[in-house]
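Atoms considered below: every heavy atom in the structure, side chains included; atoms not considered: hydrogens, waters and symmetry mates.
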Amino acid sequence: MENKQPQMADPGTHPAASSPPATRGKAPTATDPFPGPPAAALPAAGGGASAAILGPCACPWGAWSVAGRQVNLLQRGARGPGAGTQSQSYCHFGVRSERTMSSVPVAVVTGSNKGIGFEIVRAMCKQFPGDVYLTARDPGRGQEAVAKLQEEGLHPLFHQLDIDDPQSIRALRDFLKQKYGGLNVLVNNAAIAFKVNDQTPFAVQAEVTLKTNFFGTRNICTELLPIMKPYGRVVNVSSMASSSALGRCSQELQKKFRSDTITEEELVELMTKFVEDTKKNVHEKEGWPNTAYGVSKIGVTVLSRIQARMFNEKRKGDHILLNACCPGWVRTDMAGPKAPKSPEEGAETPVYLALLPSDADGPHGQFVREKTVQTW
């Protein structure tokens, strides 16, 4: 069980994004997709900025580690003991040189101004070697969340995102393409759920819940998966509610949702049918469980399996890994105060999947709980 209750896990309304100045790197080639930056792009020795290329690093987003005493990173001011400096190794992701494009790796977490999403951003700021974007529907709430993490010495960035608004999604897509040339990590966390005792008619609950949890997540993926960079990581936050809801579906529906050949179009048709069946009050007769949240998360899990299959077919050599996961039953506004897990604990599996090392060939296309692949 997990989030069986209400509220947008996501709050925020116009693209307010702050981001680092551009860095320049050597263009990738077919044989060397992650070249290190040219020597001219590195800070010269002297003046407190000595650096050395150490060779390939272990993370998926950079091929070269740069180490030295106070390496200047173009005044990014985001990591290290002083503004614009860093005393630890740093990964440079090789992308084509453009005046307005940064070679810094970038991660985006949807619905992340509070709850599990907020904790994912916090953990990513500590572990991910690049820029981490906290997103929210409401810019005010998003900026408040960023400020809270900044008080802890962390440096998330903010971009407005409403996954129910196609224009908002496209604005984020265009920003990422222009600023970074794509995306390295995407964590689809934004979701809603009605409280168990909510008196809203079930048909309305079904339509509203699937609009955000399934169709909104699908719309994000439609726009952002094509710009995922090689060795990218995609995490779709689902729930054990998807497994329990699947078990309460008819055998015919279970067979469809477990199929290794179901298409995205067929899945969309099934999710749409559920909503229409609830409006006619025939959903149980048609083999559906009486849970809008559970069905929406069936959609997210199955969508993840389909998307992973598409990456295998179309971009196998890019080593992109995509999974669905269950964070567990977590104490959030959505799941309530009685849940056994803290938001920080709920973030562990999503962050684990987001930071799978470059030499990992899995998990991929799986449903993961407690960092362990579950049977679907």
Could you tell me which non-hydrogen atom of G111 sits nearest to which non-hydrogen atom of N189, and how far apart they are? O-ND2, 2.8 Å
Indicate yes or no: does K285 engage D277 in a salt bridge with an N to O separation below 4.0 Å. no
Do you reckon L270 sits in the same ILVMFWY cluster as V282, going by side-chain contacts under 4.5 Å, direct or chained? no
Using the six-membered ring wherever Trp is involved, compare the ring planes of F175 and Y133 and label them parallel, tilted or perpendicular (cut-offs 30° and 60°). perpendicular
Kindly assign one of parallel, tilted or perpendicular to the pair F367 and W376, based on the angle between their ring planes and the thresholds 30° and 60°. perpendicular
I220 vs L186, side chain to side chain contact (heavy atoms under 4.5 Å, CB included): CA-CA, chis, key distance, verdict: CA-CA 10 Å; I220 279 279; L186 171 63; 4.0 Å; yes
Nearest heavy-atom pair of R173 and E223: which atoms, and what distance? NH1-OE1, 2.6 Å
Is it true that a side-chain atom of K229 and a backbone atom of Y180 form a donor plus acceptor pair closer than 3.5 Å? yes
Starting from the C-alpha separation in whole Å, work towards a yes-or-no answer on salt bridge (Lys or Arg N to Asp or Glu O under 4.0 Å) for E344 and R122. CA-CA 9 Å; E344 183 178 4; R122 173 184 272 146; over 6 Å; no
Would you say the side-chain atoms of S304 and N236 include a donor-acceptor pair closer than 3.5 Å? yes
One should read off an interatomic distance between T110 OG1 and L224 CG, to the nearest 0.5 angstrom, of 9.5 Å
So if you build clusters from Ile, Leu, Val, Met, Phe, Trp, Tyr with side-chain heavy-atom gaps below 4.5 Å, do I298 and W288 land together? yes
Exam field: side chain K297 to backbone V237, donor-acceptor pair closer than 3.5 Å: yes
State whether the side chain of S239 and the backbone N or O of C326 hold a donor-acceptor pair below 3.5 Å, judged by distance alone. no
E252 with K255: basic N within carboxylate O range, under 4.0 Å: no
May I ask you to say whether E269 pairs ionically with K273, meaning some side-chain N is under 4.0 Å from a carboxylate O? no
Separation between CG (L225) and CG (L322), nearest 0.5 Å, reads 6.5 Å
Rounded distance [0.5 Å steps], CG in L149 versus NZ in K126: 9.0 Å
Within a strict 4.5 Å, meaning less than it, do heavy atoms of the F311 and L321 side chains meet? no
Strictly below 4.0 Å, N to O, side chains only: are E144 and R141 in salt-bridge contact? no
